[in-house]
Peer 1: 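First the structure, then my questions, so here it is.
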Amino acid sequence: MIHQAVEYLSRPEVLAATPALMSEFKSDPDLHRLMATRLEARLRNRLAQRVEAAIASGEAEPCVDADLLLDVITGTVLFALLSRPHMPRPVDVNALTAMLLHGVLPRHARPK
């Protein structure tokens, strides 16, 4: 999912349109509703199904919130791409994946 987010959000037309679209979302509820219905809802539903399957198989903790996970991935990738356009690789997919899977605390300090 992180690879897909980086690939999609890195497209020049997506990067160019994103700041204006985000601004318009606040002032144009119809545009926001259209985008949410066409793109976001399908993506959120697919991710929710994947997370539910991962929870059922024991691959994910029961407390994983699919909506929050999507927001974290998309927000992190988008922020990095928009705020560090001069960097050849503004998003380290492996580092972000490791952080999402293992957190930032050392193993001995993680809550049980």
Side-chain angles (χ1 to χ4, degrees):
M1 169 126 191
I2 296 170
H3 283 283
Q4 289 174 340
V6 170
E7 186 177 303
Y8 178 76
L9 295 171
S10 294
R11 293 170 45 189
E13 66 274 17
V14 173
L15 274 176
T18 297
L21 274 174
M22 291 177 78
S23 176
E24 288 296 316
F25 284 167
K26 288 186 125 187
S27 61
D28 187 342
D30 291 332
L31 175 64
H32 184 261
R33 194 170 18 263
L34 175 70
M35 294 296 287
T37 301
R38 287 196 177 170
L39 299 173
E40 192 178 339
R42 275 185 279 167
L43 184 57
R44 286 191 186 280
N45 287 336
R46 278 198 335 248
L47 182 59
Q49 291 172 355
R50 290 173 72 184
V51 167
E52 287 171 15
I55 291 169
S57 69
E59 295 176 279
E61 291 289 328
C63 63
V64 173
D65 180 324
D67 284 330
L68 180 58
L69 180 59
L70 179 63
D71 293 345
V72 167
I73 292 170
T74 305
T76 301
V77 171
L78 195 54
F79 183 78
L81 292 170
L82 290 172
S83 66
R84 299 184 266 176
H86 57 281
M87 294 179 67
R89 277 186 61 205
V91 180
D92 182 332
V93 173
N94 293 329
L96 179 55
T97 300
M99 186 180 291
L100 284 173
L101 292 176
H102 307 294
V104 297
L105 294 176
R107 194 169 296 212
H108 69 275
R110 292 182 190 158
K112 295 184 188 243

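Just so it is clear, the structure is predicted and the values come from calculations on it, not from any experiment.
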Peer 1: Under 4.5 Å between side-chain heavy atoms, hopping through other hydrophobics if needed: is there a path connecting Val91 to Met87?
Peer 2: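 No, because Val91 and Met87 fall into different hydrophobic clusters, even though each may have its own neighbours under 4.5 Å.
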
Peer 1: Membership question, hydrophobic clusters at under 4.5 Å side-chain separation (ILVMFWY): are Leu9 and Phe79 in the same one?
Peer 2: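 No, Phe79 does not connect to Leu9 through the hydrophobic network.
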
Peer 1: Would you find more than 12 non-hydrogen atoms of other residues, nucleotides or ligands less than 6.0 Å from Glu13 atom CD?
Peer 2: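 Atom CD in Glu13 is packed in, count exceeds 12.
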
Peer 1: Taking Phe25 as the starting point, is it possible to reach Leu70 by hopping between hydrophobic residues whose side chains are less than 4.5 Å apart?
Peer 2: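 No; tracing contacts between hydrophobic side chains, which count when under 4.5 Å, never links both residues.
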
Peer 1: Calculate, to the nearest 0.5 Å, the distance between atoms NE2 and CG belonging to His3 and Asn94 respectively.
Peer 2: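 Interatomic distance, His3 NE2 to Asn94 CG, rounded to 0.5 Å: 6.0 Å.
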
Peer 1: What verdict does the side chain to side chain contact (heavy atoms under 4.5 Å, CB included) test give for Leu96 and Val77, after you've listed the backbone C-alpha separation in whole Å, the side-chain angles of each residue and the deciding distance to 0.1 Å?
Peer 2: CA-CA 9 Å; Leu96 179 55; Val77 171; 4.1 Å; yes

Peer 1: What's the shortest heavy-atom distance between Leu100 and Ile73, and which atoms?
Peer 2: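 Between these two residues, the closest heavy atoms are CD1-CG1, 3.7 Å.
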
Peer 1: Can you get from Leu21 to Leu78 by hopping between Ile, Leu, Val, Met, Phe, Trp and Tyr side chains that sit under 4.5 Å apart?
Peer 2: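 Cluster IDs for Leu21 and Leu78 differ.
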
Peer 1: Would you name the heavy atoms of Ser27 and Pro29 that are closest together and state the gap between them?
Peer 2: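 Taking every non-hydrogen atom into account, O-CD, 3.5 Å.
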
Peer 1: Should we say atom CZ of Arg50 is surrounded by more than 12 heavy atoms from elsewhere, each under 6.0 Å from it?
Peer 2: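 Count not over threshold, so no.
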
Peer 1: Which heavy atom of Pro90 sits nearest to which heavy atom of Leu81, and what is that distance?
Peer 2: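 That closest heavy-atom pairing would be CG-CD2, 3.6 Å.
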
Peer 1: CG of Leu15 to OH of Tyr8: how many Å apart, nearest 0.5 Å?
Peer 2: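 Nearest 0.5 Å value for the CG-OH distance: 10.5 Å.
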
Peer 1: Rounded to the nearest 0.5 Å, how far does CE of Met99 lie from CG of Asp92?
Peer 2: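 One gets 9.5 Å once the value is rounded to the nearest 0.5 Å.
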
Peer 1: Once you round to the nearest 0.5 Å, how far does CG of Leu82 lie from CE of Met22?
Peer 2: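 One finds 8.0 Å between CG of Leu82 and CE of Met22.
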
Peer 1: Is it true that a side-chain atom of Thr18 and a backbone atom of Val14 form a donor plus acceptor pair closer than 3.5 Å?
Peer 2: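 Yes, Thr18 side chain to Val14 backbone: donor-acceptor pair under 3.5 Å.
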
Peer 1: Measure the spacing between NE2 of His86 and CZ of Arg84 and express it to the nearest 0.5 Å.
Peer 2: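 These two atoms lie 8.0 Å from each other.
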
Peer 1: Determine whether Met1 and Leu101 fall in the same hydrophobic cluster, where Ile, Leu, Val, Met, Phe, Trp and Tyr are linked whenever their side-chain heavy atoms lie under 4.5 Å apart.
Peer 2: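 No, Met1 does not connect to Leu101 through the hydrophobic network.
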
Peer 1: Between Leu47 and Ala66, what is the shortest heavy-atom contact and its length?
Peer 2: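 Nearest heavy atoms, Leu47 then Ala66: CD2-O, 3.4 Å.
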
Peer 1: For Asp71, is there any backbone N or O sitting under 3.5 Å from a side-chain donor or acceptor partner on Thr74?
Peer 2: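 It does not hold such a pair.
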
